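Below: one structure, written as structure tokens.
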2 protein chains.
Amino acid sequence: MELTQEMIKGTVVPVMLKLLTERAMYGYELIRVVNERTHNALQWKEGTLYPWLHRLEADGLIRGEWDEAANGRQRKYYRITRKGAAALETSVHEWVALSSAVNAILLAPSMA
Amino acid sequence: MELTQEMIKGTVVPVMLKLLTERAMYGYELIRVVNERTHNALQWKEGTLYPWLHRLEADGLIRGEWDEAANGRQRKYYRITRKGAAALETSVHEWVALSSAVNAILLAPSMA
DNA sequence: GATGACGCCTCGGAACACGAGGTATGTAGC
DNA sequence: GCTACATACCTCGTGTTCCGAGGCGTCATC
């Protein structure tokens, strides 16, 4: 019963989309950036990330493109599409509605 | 790809535990109360709730007891245990850490 | 030439949600 | 008394998902 992991699940997609609005990134980079920015509150794993990238690309929310980095490595850079930006907006609203509803319950003062 | 449902998952357990600190409740009641209090932002279903009640009872976080309501119906009232209260505190902390991390990303101003 | 970081990926076991179904009792209307 | 619906409990099967473990190739460091 891993509570934390369960909580994280639903946030993967909006967070991914949001980060890709800032700049195009490749998978490995997304993992590093998220773990840094959240101080490991969200611990993204490759086994979760890559399938999602493929799914979102199949759905047309992001588009990937191979490119050669300065260090000579091949990387697949993803950038968000117009459709993805719309989906992001929707899911941010959902997140706000959900998290404030949950906060209203969880952070209410306990009865004596 | 139901984004909202995914988000909700991780919040079920802490919300359940929190509500049971307010007063003992039975399953059917929990569903009604949650849907009311969150204006259907969290839409709890029986198929999700009952298995969780049994799981949490098996783990000793809550304890259920049959009782007869004023209207003559048999209801199973659950109340939180000491162990459950400790688990609640932990998972509330996790929720706060997670939701503020996600908010920091999602609500950041977009680049132009 | 070996080790480890980088960078992509897939597979399979385990866990989970929830629609659909079941049972039983109370109330309301006729 | 009968029917229909809300209450109240529950389970099962299908479909979905996570993620640890593993594989593959490249580059830098020693």
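Labels below follow one simple rule: chain letters A, B, ... track the order of the sequence lines, proteins then strands, and each chain is numbered from 1. Because only heavy atoms are used, hydrogens play no part in the values below, and waters and symmetry mates are left out as well, while side chains stay in. Predicted model, so just to flag it, every value in this text is computed and none were measured.
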Quiz: residues 97-106 of chain B side-chain donor-acceptor pairs under 3.5 angstrom, not counting sequence neighbours:
unit_1: B/S99; atom_1: OG; unit_2: B/W95; atom_2: O; d: 3.0
unit_1: B/S99; atom_1: OG; unit_2: B/V96; atom_2: O; d: 3.4
unit_1: B/S100; atom_1: OG; unit_2: B/V96; atom_2: O; d: 2.6
unit_1: B/S100; atom_1: OG; unit_2: B/A97; atom_2: O; d: 3.3
unit_1: B/N103; atom_1: OD1; unit_2: A/W95; atom_2: NE1; d: 2.8
unit_1: B/N103; atom_1: ND2; unit_2: B/S99; atom_2: O; d: 3.2

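At the phosphate of D/dC18, OP1 or OP2 sits under 4.0 Å from a side-chain N or O atom of A/W52. Note on A/W66: every side-chain N or O is 4.0 Å or more away from OP1 and OP2 of C/dC8.
DNA chain D lies under 4.0 Å from no heavy atom of any residue of residues 32-40 of chain A.
Between A/E68 atom CD and C/dC6 atom C1' the separation is 14 Å, expressed in whole Å. Separating the OH atom of B/Y28 from the C1' atom of C/dT23 is a distance of 14 Å, rounded to the nearest angstrom. As rounded to whole Å, 13 Å separates atom P of C/dG7 from atom CG of A/L49. For the pair A/W44 CH2 and C/dG7 P, the interatomic distance rounds to 17 Å; values are reported in whole Å. Protein atom CG of A/D67 is 14 Å distant from nucleotide atom C1' of C/dG7, rounded to whole Å. A/Q74 places its CD atom 13 Å from the C1' atom of C/dC6, with the value rounded to the nearest Å. Taking atom OH of residue B/Y78 and atom C1' of nucleotide D/dA8, one finds them 11 Å apart after rounding to whole Å. When the P atom of C/dC16 is taken as reference, atom CG of B/L56 falls 11 Å away, rounded to whole Å.
Considering only the side chain of B/Y50, D/dA8 comes nearest among D/dA8, C/dC6, D/dG20. Relative to the side chain of A/T48, the nucleotides C/dC16, D/dC18, C/dC8 differ in distance, and D/dC18 lies closest. Side-chain proximity of B/Y26 to the nucleotides C/dG7, D/dC9, C/dG19 is greatest for D/dC9. Taking the side chain of B/K76 as heavy atoms from C-beta on, and the options D/dC10, C/dC16, C/dC6, the nearest nucleotide is D/dC10. If you check D/dT17, C/dA17, D/dG20 against the side chain of A/K45, the one that comes closest is D/dG20. For A/H54, the listed nucleotide lying nearest its side chain is C/dC9; candidates were C/dC16, D/dT17, C/dC9.
Comparing B/G47 and A/A69 along DNA chain C, the residue whose closest nucleotide (by nearest heavy atom) sits nearer the 5' end is A/A69.
Every residue meeting the side chain to side chain donor-acceptor pair (under 3.5 Å) condition with B/Y77, not counting sequence neighbours, appears here in chain and number order: B/R75. Among residues two or more places apart in sequence or in another chain, the side chain to side chain donor-acceptor pair (under 3.5 Å) test is passed with B/Q74 by B/E68. B/E46 pairs by the salt bridge (Lys or Arg N to Asp or Glu O under 4.0 Å) definition with nothing, not counting sequence neighbours. Evaluation of the side chain to side chain donor-acceptor pair (under 3.5 Å) rule for B/E36 yields no partner, not counting sequence neighbours. Every residue two or more places apart in sequence or in another chain was checked for a side-chain contact (heavy atoms from CB on, under 4.5 Å) with B/A58, and none qualifies.
Side-chain atoms of A/K83 come within 3.5 Å of backbone N or O of A/D59 as a donor-acceptor pair.
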Nucleotide-resolved protein contact map, nucleotides 23-30 of chain D, B/S/- at heavy-atom distance under 4.0 Å: --BBB---
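B/E22 has a carboxylate O that lies under 4.0 Å from a charged side-chain N of B/R37, or vice versa, which qualifies the two as a salt bridge.
Inter-residue side-chain proximity for B/L53 and B/K76 is flagged as unmet; no heavy-atom pair is nearer than 4.5 Å.
A salt bridge (charged side-chain N to carboxylate O under 4.0 Å, His left out) check over residues 99-109 of chain A, counting only residues at least two apart or in different chains, returns nothing.
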